[in-house]
Student: 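There's a structure below that I have some questions on.
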Amino acid sequence: MQTAPSLTLYTYTTTDDIGDDRWKDRALADHFFKDLETARRDLLEVRDQITTDGEPPFDAICLERIETVPMTEAAILALLNDGVGAIISRYEIIERIDVA
């Protein structure tokens, strides 16, 4: 019997949004990436844009690694019905990049 794959994805968030509640009722959409370098490149572009627009409203942006639950039909339905938090098995901050 074949088991459903779990995925490793990357994203980033500000230091203001760190914590387990990060995945609940998100007002802002997250951007997810399949590899670390693409996520880091996008994070640095966002940081550069924020710093040229004036005083940033937060201290740093954190690069995160996410591992999903096995991506079964039930997991996809949970994602669609309950949001991304329903499929996250584990996440960790792997890098903190200062904005100021």
Side-chain angles (χ1 to χ4, degrees):
M1 182 173 158
Q2 187 177 15
T3 60
S6 295
L7 305 174
T8 299
L9 304 170
Y10 299 88
T11 189
Y12 53 84
T13 191
T14 68
T15 50
D16 291 349
D17 289 330
I18 296 298
D20 289 335
D21 288 338
R22 165 162 171 41
W23 307 110
K24 299 175 186 170
D25 300 323
R26 296 286 300 156
L28 297 173
D30 288 297
H31 295 273
F32 295 93
F33 305 90
K34 67 178 184 174
D35 63 77
L36 178 60
E37 288 310 311
T38 304
R40 183 180 288 119
R41 188 172 44 250
D42 197 70
L43 181 157
L44 293 173
E45 288 175 11
V46 168
R47 182 205 56 192
D48 292 346
Q49 181 64 43
I50 289 168
T51 57
T52 59
D53 287 346
E55 186 66 29
F58 44 82
D59 297 331
I61 303 173
C62 298
L63 191 58
E64 299 172 292
R65 178 180 23 249
I66 298 167
E67 294 175 19
T68 69
V69 298
M71 296 308 295
T72 62
E73 183 177 287
I76 298 297
L77 287 170
L79 169 65
L80 295 171
N81 291 324
D82 302 325
V84 72
I87 64 162
I88 294 177
S89 171
R90 182 173 113 77
Y91 72 96
E92 65 179 311
I93 297 168
I94 55 176
E95 189 174 346
R96 177 188 158 115
I97 298 176
D98 291 333
V99 175

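Because the structure is predicted, anything quoted here is derived from the model rather than measured.
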Student: State the CD1-CD1 distance between Ile94 and Ile66, to the nearest 0.5 angstrom.
Tutor: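 Atom-to-atom, Ile94:CD1 and Ile66:CD1 are 10.0 Å apart.
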
Student: Can you tell me how far apart CD1 (Ile61) and CZ (Arg96) are? Round to the nearest 0.5 Å.
Tutor: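 Answer rounded to 0.5 Å: 10.5 Å.
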
Student: What residue among Thr14, Thr11, Thr15 forms side chain to side chain contact (heavy atoms under 4.5 Å, CB included) with Cys62?
Tutor: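 Result for side chain to side chain contact (heavy atoms under 4.5 Å, CB included) with Cys62: Thr15.
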
Student: Cut-off 3.5 Å, no hydrogens considered: what does the side-chain donor-acceptor table look like for residues 67-78, sequence neighbours left out?
Tutor:
residue, atom, partner, partner atom, Å
Thr68, OG1, Leu7, N, 2.8
Thr72, OG1, Ala74, N, 3.4
Thr72, OG1, Ala75, N, 3.2

Student: So, do Glu45 and Asp48 sit near enough that their side-chain heavy atoms are less than 4.5 Å apart?
Tutor: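 When only atoms from C-beta onward are counted, Asp48 and Glu45 do not touch, as no gap falls below 4.5 Å.
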
Student: Considering only NZ, NE, NH1 and NH2 on the basic side and carboxylate oxygens on the acidic side, decide whether Arg90 and Glu92 come within less than 4.0 Å.
Tutor: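 Salt bridge present between Arg90 and Glu92.
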
Student: Can you tell me how far apart CG (Leu63) and CD1 (Ile97) are? Round to the nearest 0.5 Å.
Tutor: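 If I round to the nearest 0.5 Å, the distance is 6.0 Å.
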
Student: If we only count heavy atoms from C-beta on, is the Leu9 to Phe33 side-chain gap below 4.5 Å?
Tutor: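 Answer no - side chains too far apart.
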
Student: Rounded to the nearest 0.5 Å, how far does OH of Tyr10 lie from CZ of Arg40?
Tutor: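 Here the interatomic distance stands at 9.5 Å.
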
Student: State, yes or no, whether a side-chain contact exists between Asp59 and Asp98 at a heavy-atom distance under 4.5 Å.
Tutor: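 Heavy-atom side-chain distance check fails, nothing below 4.5 Å.
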
Student: Looking at OH of Tyr12 and CG of Leu44, how far apart are the two atoms once the value is rounded to the nearest 0.5 Å?
Tutor: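 The OH atom of Tyr12 sits 9.5 Å away from the CG atom of Leu44.
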
